[in-house]
Each structure stands twice: as C-alpha cells, then as structure tokens.
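Chain identifiers are assigned alphabetically (A, B, ...) following the order of the sequence lines, protein sequences preceding nucleic acid strands; residue numbering begins at 1 within each chain. Only heavy atoms go into these numbers, but all of them, side chains included; no hydrogens, no water, no symmetry mates. Please read all numbers here as calculations on a predicted model, not as lab measurements.
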Amino acid sequence: MKMELNIVDFYSDVLNIYGDIGNLLCLKKRCQWRDITINQKCFSIGEDIDLDYEDTDLILIGGGSDRNQEAIANNFLNQRKYIDSYLDNDGVLLAVCGSYQMFGNNFKNIDGMDINCLEIFDMETIISKDRLIGDIILNSNIELGNDKIVGFENHGGNSYHDYNTLGIVDIGFGNNKDAVDEGLVFKNFIGTYLHGPLLPKNPHLADYLILSALKNKYEISSLSPLDDSIESKAHDFMVNKYLS
Amino acid sequence: MKNDILFKLSFLISRLIYLIVRKMGKKGTALPGKIAMKIKPDILNDLSSRCDNIAIVSGTNGKTTTNNLSNHIFKGKDFKVLSNLNGSNMIQGVISPFIIDKKKHYDWGIFEVDEGSMPVINKYMVPDYIILTNFFRDQLDRYGEVEKVIKTVYDSIKHESTTLILNGDSPTSLYFDDLKNSKIYYSLEKTKFSRDDETSAESVTCPKCNNKLNYEYITYGNIGKYYCLKCGVKNPKPHYVISKTELKDNLYDFTVCDKYGSSKIKLGLLGIYNLYNVLGAISLARENNFSYDLIKKQIENFEFKEGRMEIINTSSSKVILGLTKNPIGLSEILSIIWADNSKKSVMFVLNDYAPDGRDISWIWDVFIKENNDFSNIDKFFCVGTRAEEIALRLKYIDFPEEKLVIYHSKDRYDIEEPILTIISQNNKNYILGTFTAMPEAKKIIMKIKKEESL
Ligand SMILES: [Zn+2]
C-alpha cells in the first residue's frame with residue numbers, strides 16, 4: 001500500500017521571509033523520493049478554506065515581517081481551538097520564528113504593546129531592540145541520529161518558557177539573549193527560531209517530522225534511507241566551521 | 001562670499017586628489033565626492049544648481065540599467081548630461097561625477113540613488129523627476145526591511161514639484177499614492193513569460209488594507225496584474241505601456257505606446273525586468289518631449305557596460321557574468337539560463353561575508369519553476385564560502401546530481417581554480433555570484449584574457 005501524507009502549509013504566501021518555503025520543499029521531495037504520496041495544501045488569508053484538521057498530517061508555519069505577521073494574526077487566532085486539539089492528538093507541526101512566538105501567551109512588541117497570541121503554551125515573548133542574529137548550532141534534545149542541528153537565527157523576540165526544548169545551544173543565542181537552549185518541543189510540536197531554512201540542512205530532523213506524521217497513520221518504525229551526501233556536506237561544513 | 005571660497009576650495013582639492021589617484025592607476029569613483037564633502041558638507045547643494053533639470057532613479061533592482069539607458073537616450077539629443085553610470089549611488093557617488101567632469105553647466109543631471117541615500121540627496125537637490133523601479137527585499141538583514149525602505153524613500157520626497165515616475169505593475173507603488181506629486185505610471189502587458197499562478201517569489205500584502213494580494217498574472221517577483229478582494233485596489237491606469245513582447249535571437253521585440261504615439265523597438269538586454277527598466281527611461285524621455293524615433297534609435301544602439309549581465313569573450317569561451325544580490329534578481333537570471341538552449345555550463349559563487357549577507361537562506365526564496373529541462377547544462381559549478389548550499393538548493397529542484405561540481409572556497413579569493421576549469425571545458429559559461437564574488441571573478445577572467453593576448 002502506498003503511504004500518503006497531507007501537508008498543510010499555513011500562510012506560505014505571506015510568511016516566507018527567510019526561505020521557510022525550503023522546509024516545505026524539503027519535506028515534499030524527501031517523501032517523493034521514498035514514493036510517499038504528498039498532498040499539499042496552502043491555508044491562507046483571503047480565501048475561505050475549511051481545513052479538515054482530522055485529515056491533516058503535518059502543518060508548517062513560517063515567519064514574516066511585522067506587517068505580514070499582522071496580516072495573518074486574526075485568521076490565525078481564529079484557528080486556536082482547532083490547532084490546540086490537533087496538537088493534543090499528536091498532530092505534527094513545525095512553527096518557525098514569528099509563528100513560534102504566536103503559540104505563547106502574548107508578546108510585547110518593540111513599542112511595549114501586547115500582541116494577542118494563541119495561548120497554547122505558557123510562553124512569554126518580549127521583543128528587544130537588539131536582534132539576535134547569526135549562525136546557530138544546537139545539540140539536539142530529540143533522538144535524531146545526528147546530534148547537531150544547524151541554522152541561522154534572526155529574531156528580535158526573546159522567548160521564555162519551561163517546556164522541553166529543541167536543543168542546547170552550542171553556538172548562537174537561542175530562545176533569548178541569555179538562553180542556554182533553543183525552541184520548544186511538546187508532543188509533535190516543534191517551535192524554533194532556526195531558519196536557513198531549517199530542514200534541508202538537517203535532513204535527520206526533516207525525516208523525524210515525516211516519520212512522526214506517518215506513525216500517526218501507519219504501522220511504521222523507520223523510513224527508507226536516502227543518499228544524503230550533499231545534505232551532510234552542507235550540515236557538516238557548519239559544524240566543522242564552529243566546533244572543530 | 002565665504003560659501004563661494006569654500007566651494008572652490010572643496011572642488012579644487014577633491015579634483016586634485018582625483019587626478020593624483022587616477023595617475024596611480026586607481027579608479028576611486030566615490031573618493032572625490034567623499035573628500036569634497038569633508039571640506040564642504042553641503043557641496044551637492046552648489047553643484048546641483050549646475051543642472052537645469054534633475055532626474056533621480058531609485059528602487060531595489062534596475063537602478064543602474066535605467067540610469068544608463070536614460071543617460072544614453074538624453075545624450076542622443078545633444079544634451080549635456082551628467083550621470084553616475086558606474087553604480088556608485090550614495091551621496092559621494094553623486095558628487096564625484098561633478099568633480100571628475102567639471103563642466104559648469106549641464107542640461108540634465110540623471111543619477112541613480114541608493115534608497116538609503118534618498119533623504120540626504122533630496123535635502124541637497126530638488127529633482128524634477130524621481131523614477132522608482134520597484135521594491136523587493138534585499139538579502140541583507142531583511143526583517144521588515146522592505147516597508148522600512150519604502151518609508152525612507154517616501155519620507156525623502158519633500159518637493160511637490162517633483163514628478164514621480166512609478167512602476168504601475170508594482171503594488172509597492174501604491175505606498176506613494178497619497179503624495180500630492182503628479183504621478184506617471186508605466187506598465188508591461190502580459191507576455192508569454194508571465195505566469196498565471198499566484199506563487200510569488202516575494203510575499204506581498206495589500207499596501208492599502210494589508211489583506212492578501214491576488215494576481216491575475218505575475219510578470220516577475222511581485223510585479224504583475226494584481227487586485228485586492230477586500231478593498232478593491234488594483235493597478236493604476238498606466239501612461240506608458242509595452243505590449244506585444246516577443247523574444248527573437250536574444251532580442252526583445254516590443255511595442256511601446258502612450259496617448260500621443262507608439263513605436264516598435266528592439267532591446268538587446270535579456271531579462272524581463274529590463275523591459276521595466278526601459279519603460280522607466282522611455283517615460284522620462286517622453287515626458288520631456290522626446291520623439292519615439294530618437295528613443296528607438298538610442299535604445300537599439302545602446303551598449304551596456306556595467307550591467308547585471310556582462311559578456312566577456314576569451315579566446316575559447318564566451319563568459320556571461322551576473323551579479324545576484326537578492327532572490328528576485330537570481331530568479332530572473334536563472335530563468336534566462338534555463339531558457340537558453342545552447343550548450344553551456346553555469347557557476348554560482350555564494351559567499352556569506354557581510355556585504356553578501358551572512359544569512360544565505362535567501363537562495364531558497366528564489367523562484368524556480370518545476371520541471372526544468374537541464375539537458376543543455378553541461379556542469380553546474382557550486383563555488384564560494386557556502387558552495388554546498390547551492391548544491392543542496394539545486395538538488396531540491398531535481399537538478400541532476402552528477403552534473404554538480406562542488407568547490408568550497410577557503411575565502412573570497414579562492415575561486416581561480418574552478419573558473420579556469422569551467423572556461424577550459426566549455427565555450428559558453430554563465431558565472432553568477434554574490435557581491436564579494438563578482439569583482440574577484442571578473443578580475444580572474446580579465447587576467448585570463450590578458451594572458452591569452454600576450
Ligand atoms: Zn486591499
């Protein structure tokens with residue numbers, strides 16, 4: 001039986017400031033190369049789509065400029081209860097940067113104004129004037145087969161929470177300017193400030209998301225391996241540049 | 001009186017230094033301006049009065065081409081025209097040509113101005129025209145950048161007497177709507193190269209209401225025929241329109257028209273964005289009563305020296321150089337390369353020095369349509385301090401891995417070996433690269449050329 005995954009990318013036509021679209025492309029290709037059928041849908045503002053969350057296997061949400069985040073905010077907030085139960089039911093979701101922040105209780109923007117958030121996680125975000133910018137390397141807290149997660153961060157948001165995190169920061173900032181760790185992991189939710197984009201250079205993390213989503217539907221314990229020599233070259237270059 | 005003496009002093013000293021520097025064989029296009037400003041910070045004020053008319057070209061992409069084209073068209077009328085043709089577009093770069101050229105009077109000053117320098121330039125000169133090409137995000141620290149850049153430019157427009165010449169197909173032109181200045185719009189009718197799908201390489205929300213913007217078609221980037229379902233805004237009615245665009249023998253063949261006339265023109269600059277650059281220049285010329293005969297003649301005999309895509313012929317190879325500094329620029333250059341059905345190799349030099357952008361994620365924002373035919377590409381050389389990332393990007397558009405050559409550069413100077421290889425293997429090569437890469441690449445190719453001629 002051919003396996004099938006329904007991927008929904010949220011707002012990819014509005015929130016794609018740092019190559020986040022590469023995460024979607026990465027998941028799609030890695031499924032195609034394994035002969036897993038991908039059904040991809042874009043959920044966005046400006047059109048009325050009733051999203052069937054029960055039939056959704058994987059959700060991707062990227063980051064955008066302040067103006068673009070603002071553009072999607074209301075629409076996104078209206079999805080709150082659906083997303084909440086989607087996550088409770090082990091739905092897989094990757095949220096990057098501005099959208100990661102939206103999963104918390106609130107965030108204070110640069111003018112000290114409170115921006116409404118989804119309030120799914122107990123997380124506070126405060127925007128600071130000095131942005132946290134640069135290459136970033138994590139020691140993964142998730143079992144991935146490769147310890148390191150590499151990327152680039154560029155965020156004004158400083159996030160504070162007590163959940164599990166994606167990784168311990170080897171190089172870079174992380175959740176906030178004083179953080180030792182980065183991201184938020186809860187069930188199959190991953191929130192992170194890493195772009196670069198995140199998944200193509202970290203194929204082990206991409207496969208982790210694919211496998212988690214498949215496990216919700218099929219009896220499966222591993223994915224067929226792919227030739228990741230180019231992925232490894234890009235990944236290892238970053239690791240060696242800073243850590244050797 | 002004191003002002004006058006200071007002006008003369010400033011002019012003379014900076015000119016003297018320019019002459020010395022030139023004797024030493026250096027180019028230093030911005031240096032004279034820099035020195036002149038040290039002595040008299042507001043010298044542009046005095047200098048700009050030497051021009052009867054002033055036009056400024058600003059925007060993200062296309063400034064240099066639009067500026068060079070405009071300069072060339074205006075020179076066709078035996079006007080004395082002063083311009084910063086080499087792309088040096090901050091205030092020093094605008095002052096320097098006055099010092100180097102040293103005439104007391106010009107009919108026209110036509111300058112390209114960096115968006116960030118618009119406030120200071122507009123403080124010292126009162127332009128009769130401002131051409132705004134488009135606003136895209138550049139790869140440098142892009143967060144919220146576009147809106148900030150647009151606001152900077154918007155705030156810099158201080159004189160209601162300035163006529164704005166705007167790209168009618170760029171939704172970002174709407175941000176200038178409420179300025180009282182008179183506005184001229186130019187537009188390109190749907191071409192064979194336009195796309196019907198709404199996947200934009202650049203996300204745009206409606207400048208009026210921040211809702212999602214829809215497109216009937218996209219010509220490139222965020223430029224095309226747009227409409228907003230929420231507030232109903234759409235492209236303004238254009239004054240200058242290019243239609244019936246055909247591509248034949250590496251030439252665009254198009255019709256341009258306005259209320260008073262029209263012309264069929266051929267353009268030898270590849271890249272659909274160049275039609276917009278030409279439109280900006282034509283609009284400026286037509287607004288100043290240039291005949292289409294003259295415009296056509298000048299466009300058709302225009303030779304571009306400092307372009308995005310520069311051609312250098314060595315004895316064995318035709319090398320086409322392209323600077324790429326943002327996703328939209330690279331998208332357009334790649335679409336030219338995919339469409340070129342001659343046998344060739346391609347090199348992309350991706351560096352991550354500060355001027356290139358430390359963050360290389362922008363290469364994933366490059367719009368690449370699916371199912372390209374790569375059979376005419378012999379090899380794709382992935383070079384630079386982030387060479388692997390290019391290979392990775394190409395792998396995910398199903399570029400054949402066996403055609404990829406990865407050469408990781410230790411630093412920006414470490415690109416000679418792959419360039420020698422690509423030139424020795426093929427007789428047509430595209431070499432693309434980021435900001436710090438292209439000067440090095442050009443230097444190496446010129447060296448090869450020089451050694452050949454010995
Ligand atoms: Zn609108």
- Any A:Glu231 side-chain heavy atom under 4.5 Å of B:Leu392 side chain: yes
- Message: Quick check: do A:Lys201 and B:Glu389 have side-chain heavy atoms less than 4.5 Å from each other?
- Response: yes
- Task: Provide the closest heavy-atom pair for A:Leu25 versus B:Trp364 in the form atom of the first, atom of the second, distance.
- Result: CD2-CZ3, 4.0 Å
- Please indicate whether A:Asn74 has more than 12 foreign heavy atoms, meaning atoms of other residues, nucleotides or ligands, lying under 6.0 Å from its CG. no
- What part of B:Lys395 gets closer than 4.5 Å to chain A, counting heavy atoms only: side chain, backbone, both or neither? both
- Should we say atom NZ of A:Lys129 is surrounded by more than 12 heavy atoms from elsewhere, each under 6.0 Å from it? no
- Any side-chain heavy atom of A:Phe152 sitting closer than 4.5 Å to one from B:Ser361? no
- Message: Looking at chain B, which one of A:Gln32, A:Arg67, A:Lys29, A:Arg30 has the largest number of heavy-atom pairs inside 4.5 Å, strictly under?
- Response: A:Arg67
- Message: To the nearest 0.5 Å, what is the distance between CG on A:Asp13 and OG1 on B:Thr205?
- Response: 10.5 Å
- To the nearest 0.5 Å, what is the distance between CG (A:Asp66) and CD (B:Glu147)? 8.0 Å
- What are the residues of residues 236-244 of chain A, in order of number, with any heavy atom under 4.5 angstrom from a heavy atom of chain B? A:Phe237, A:Met238, A:Lys241
- Examine whether an atom of A:Glu153 lies under 4.5 Å from a heavy atom of chain B, and if so say whether it belongs to the side chain, the backbone or both; otherwise answer neither. neither
- Item | Nearest atoms (heavy-atom pairs only) where A:Tyr18 meets B:Asp365 | C-OD2, 4.0 Å
- B:Ile363 portion near chain A, given a 4.5 angstrom heavy-atom threshold: neither
- Just wondering, more than 12 heavy atoms not from B:Lys234 lying within 6.0 Å of its NZ? no
- Query: Between A:Ile133 and B:Arg358, is any pair of side-chain heavy atoms under 4.5 Å apart?
  - Reply: no
- Message: Under 4.5 Å from any heavy atom of chain A, what part of B:Cys228 do you find: side chain, backbone, both or neither?
- Response: neither
- Task: Check each atom of A:Cys26 against the heavy atoms of chain B and say whether the ones under 4.5 Å are side chain, backbone, both or neither.
- Result: both
- Message: What's the separation between atom CD1 in A:Ile45 and atom CG in B:Asn210, rounded to the nearest 0.5 Å?
- Response: 7.0 Å
- Item | For chain A, the option from B:Ile397, B:Ile406, B:Asp398 that forms the most heavy-atom pairs under 4.5 Å | B:Asp398
- Message: Counting only heavy atoms not in A:Tyr82 (residues, nucleotides, ligands), do more than 12 fall under 6.0 Å from its OH?
- Response: no
